[in-house]
Peer 1: 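To start, I am sharing the structure in question, which I have written as structure tokens.
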Amino acid sequence: MSQTLIVSDEVRTLVPGFSHLAVEAHGLVNGPSNADSSALLDEAVRRLTALLDGRAPHEDPHMAAWRAAYSAFGAKPSRTRNSAEALAKRALSDAGLPRINLLVDLYNAISVARLIPVGGEDTACVVGPMRLVRATGDEPFATAAGGEPAVEHPEPGEVVWRDEEGVTCRRWNWRQGTRTRLTGTSTDALFLLEGLAPLAPDELEAAGAELAEWLRKLSPAARITVHPVR
């Protein structure tokens with residue numbers, strides 16, 4: 001795996017049972033959302049509705065585990081939801097799912113359909129290994145405020161993904177930074193699927209395989225590798 005992922009011991013100790021799977025892709029086709037990616041998102045909402053079977057997203061056992069994990073590092077999960085719960089809540093609302101670009105639409109569809117946090121990073125913008133750590137509070141986080149570039153800092157003890165330049169995603173998988181996000185011109189990407197017990201490793205593997213299949217259909221010439229669950 002060319003992009004190294006490291007989960008710190010302090011995070012493993014704080015939230016036992018965490019696992020992740022990475023899908024690495026090079027030479028992808030990307031661009032604006034289109035009818036095909038929109039159809040995948042619509043189908044994902046139908047699959048989510050069937051999965052929940054009348055429950056609210058936060059009542060799903062996997063989402064309940066993420067709420068407990070957020071509480072463990074001091075976040076309020078009803079205010080800062082994990083990415084899968086936030087997307088699911090929006091999917092079931094009148095607002096519906098956003099259409100961003102082809103790659104983001106694909107991984108959002110997987111996240112919604114399977115109720116699993118999924119993120120995507122432009123590996124051309126990542127500096128050094130990516131690490132899941134508890135923040136000191138000094139790390140820079142590139143974001144936007146009022147439509148303008150801004151820099152924030154995580155709370156001390158907050159669980160964050162970071163590289164050598166700073167935080168890439170705050171509060172585990174709550175908010176992605178602008179520096180490494182996938183844009184319409186991104187062609188090399190790392191997709192990260194994250195799970196907590198009671199989600200089984202084979203469910204992460206199935207989600208990763210489905211994402212890889214969709215990526216291959218979008219980009220037949222791309223080099224795509226699904227790495228094992230860790």
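Atom set for the values below is all heavy atoms of this structure, side chains included, hydrogens, waters and symmetry mates excluded. All figures in this text were calculated on a predicted structure; none of them were measured in a lab.
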Peer 1: Please collect all salt bridge (charged side-chain N to carboxylate O under 4.0 Å, His left out) contacts where either partner lies in residues 111-128, sequence neighbours excluded, each pair once.
Peer 2: Arg114-Glu210
Peer 1: Run the side chain to side chain donor-acceptor pair (under 3.5 Å) test against Ser19 and tell me which residues pass, sequence neighbours left out.
Peer 2: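 None.
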Peer 1: Could you tell me whether a side-chain N or O of Arg79 sits under 3.5 Å from a main-chain N or O of Ala75, the two making a donor and an acceptor?
Peer 2: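 Side chain of Arg79 to backbone of Ala75: no pair is present.
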Peer 1: Keeping the roles fixed (side chain from Ser37, backbone from Leu102), state whether a donor-acceptor pair exists under 3.5 Å.
Peer 2: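 Between the backbone of Leu102 and the side chain of Ser37 there is no qualifying donor-acceptor contact (under 3.5 Å).
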Peer 1: Roughly how far apart are Ser38 OG and Glu43 CD, rounded to 0.5 Å?
Peer 2: 12.0 Å
Peer 1: Do the non-hydrogen side-chain atoms of Ile110 and Ile116 ever get within less than 4.5 Å of each other?
Peer 2: no
Peer 1: Connecting only ILVMFWY residues whose side-chain heavy atoms lie within less than 4.5 Å of each other, what is the rest of Val127's hydrophobic cluster?
Peer 2: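 Other cluster members: none.
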Peer 1: CD/Gln3 to CG/Asp188 distance, rounded to the nearest 0.5 angstrom?
Peer 2: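 The CD atom of Gln3 sits 11.0 Å away from the CG atom of Asp188.
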Peer 1: With sequence neighbours left out, which residue pairs that include part of residues 7-19 fulfil the salt bridge (charged side-chain N to carboxylate O under 4.0 Å, His left out) condition?
Peer 2: none
Peer 1: Please examine the side chains of Pro117 and Trp66, heavy atoms only from C-beta on, and report whether any two atoms are closer than 4.5 Å.
Peer 2: yes
Peer 1: Between the side chain of Glu59 and the main-chain N/O of Ala56, is any donor-acceptor distance below 3.5 Å?
Peer 2: yes
Peer 1: With sequence neighbours excluded, what pairs up with Asp42 under the side chain to side chain donor-acceptor pair (under 3.5 Å) test?
Peer 2: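 For Asp42 the side chain to side chain donor-acceptor pair (under 3.5 Å) partners, ignoring immediate neighbours, are Arg99.
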Peer 1: Mind checking whether Leu204 and Val7 sit in one hydrophobic cluster, side chains of I, L, V, M, F, W, Y counted as touching below 4.5 Å?
Peer 2: no
Peer 1: Should Leu87 and Leu51 be regarded as members of a common hydrophobic cluster, given that ILVMFWY residues are connected when their side-chain heavy atoms come within less than 4.5 Å of each other, either directly or indirectly?
Peer 2: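 Yes, Leu87 connects to Leu51 through the hydrophobic network.
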Peer 1: Can you tell me how far OG1 of Thr123 sits from CZ of Phe191, rounded to the nearest 0.5 angstrom?
Peer 2: 9.5 Å
Peer 1: Restricting to ring-ring contact (aromatic ring centres under 6.0 Å, His included), what partner residues turn up for Phe18, sequence neighbours left out?
Peer 2: His20, Trp172
Peer 1: Could you give me the CA-CA distance, side-chain angles and deciding distance for Val229 and Glu205, then say whether side-chain contact (heavy atoms from CB on, under 4.5 Å) is met?
Peer 2: CA-CA 7 Å; Val229 173; Glu205 290 171 355; 3.6 Å; yes
Peer 1: What pair of heavy atoms forms the shortest contact from Leu218 to Leu106, and how long is it?
Peer 2: CD2-CD1, 3.8 Å
Peer 1: Who passes side chain to side chain donor-acceptor pair (under 3.5 Å) against Arg67, sequence neighbours left out?
Peer 2: Glu85
Peer 1: Show every donor-acceptor pair shorter than 3.5 Å between a side-chain atom in residues 88-98 and any protein atom, with sequence neighbours excluded, or say none if there are none.
Peer 2:
unit_1, atom_1, unit_2, atom_2, d
Arg90, NE, Gly96, O, 2.8
Ser93, OG, Arg90, O, 2.7
Ser93, OG, Ala95, N, 3.2

Peer 1: Can you list every pair that meets ring pair (Phe, Tyr, Trp, His ring centres under 6.0 Å) and has a residue in residues 29-61, with sequence neighbours left out?
Peer 2: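 For residues 29-61: none.
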Peer 1: Answer yes when Arg216 and Glu213 have at least one side-chain N-carboxylate O distance shorter than 4.0 Å, and no when they do not.
Peer 2: no
Peer 1: After noting the C-alpha distance and the side-chain angles of Lys76 and Arg81, does the key distance pass the side-chain contact (heavy atoms from CB on, under 4.5 Å) rule?
Peer 2: CA-CA 8 Å; Lys76 295 182 178 180; Arg81 296 175 176 86; over 6 Å; no
Peer 1: So if you build clusters from Ile, Leu, Val, Met, Phe, Trp, Tyr with side-chain heavy-atom gaps below 4.5 Å, do Val104 and Val118 land together?
Peer 2: yes
Peer 1: Identify the two heavy atoms, one from Gly208 and one from Leu21, that lie closest to each other, and give their separation to 0.1 Å.
Peer 2: CA-CD2, 3.8 Å
Peer 1: Please tell me if the side chains of Leu132 and Val159 come closer than 4.5 Å, counting only heavy atoms from C-beta onward.
Peer 2: yes
Peer 1: I want to check something: taking the side chain as every heavy atom from C-beta on, are Val23 and Leu215 in contact at a cut-off of under 4.5 Å?
Peer 2: yes
Peer 1: With sequence neighbours left out, what residues match Asp138 under side-chain contact (heavy atoms from CB on, under 4.5 Å)?
Peer 2: Thr136
Peer 1: Under the side chain to side chain donor-acceptor pair (under 3.5 Å) rule, collect the residues that match up with Asn173, sequence neighbours excluded.
Peer 2: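 In terms of side chain to side chain donor-acceptor pair (under 3.5 Å), with neighbours along the sequence ignored, Asn173 is linked to Tyr70, Glu194.
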Peer 1: Phe141: which other cluster members, linking ILVMFWY side chains closer than 4.5 Å, directly or transitively?
Peer 2: Val133, Val160, Val167
Peer 1: Find the distance between CD (Glu158) and OG1 (Thr80) and round it off to the nearest 0.5 Å.
Peer 2: 8.0 Å
Peer 1: Which value, rounded to the nearest 0.5 Å, describes the distance between Leu41 atom CG and Arg46 atom CZ?
Peer 2: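 The CZ atom of Arg46 is 10.5 Å from CG of Leu41, to the nearest 0.5 Å.
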Peer 1: Does the pair Arg223 and Glu24 meet the rule for a salt bridge (charged side-chain N to carboxylate O under 4.0 Å, His left out), with working shown?
Peer 2: CA-CA 8 Å; Arg223 304 188 314 279; Glu24 193 169 8; over 6 Å; no
Peer 1: If you look at every heavy atom in Thr13 and Pro16, which pair is closest and at what distance?
Peer 2: O-CD, 3.7 Å
Peer 1: Write down the atom of Asn30, the atom of Ser186, and the distance for their closest heavy-atom approach.
Peer 2: CB-O, 3.3 Å
Peer 1: Determine whether a donor-acceptor pair (N or O, by modelled atom type, separation under 3.5 Å) exists between the side chain of His62 and the backbone of Leu115.
Peer 2: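 Flag set: sc His62 to bb Leu115 pair under 3.5 Å.
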Peer 1: How long is the gap from CZ on Arg171 to CG on Asn82, to the nearest 0.5 Å?
Peer 2: 13.0 Å
Peer 1: Is there a donor in the side chain of His153 and an acceptor in the side chain of Glu139, or the other way round, less than 3.5 Å apart?
Peer 2: no
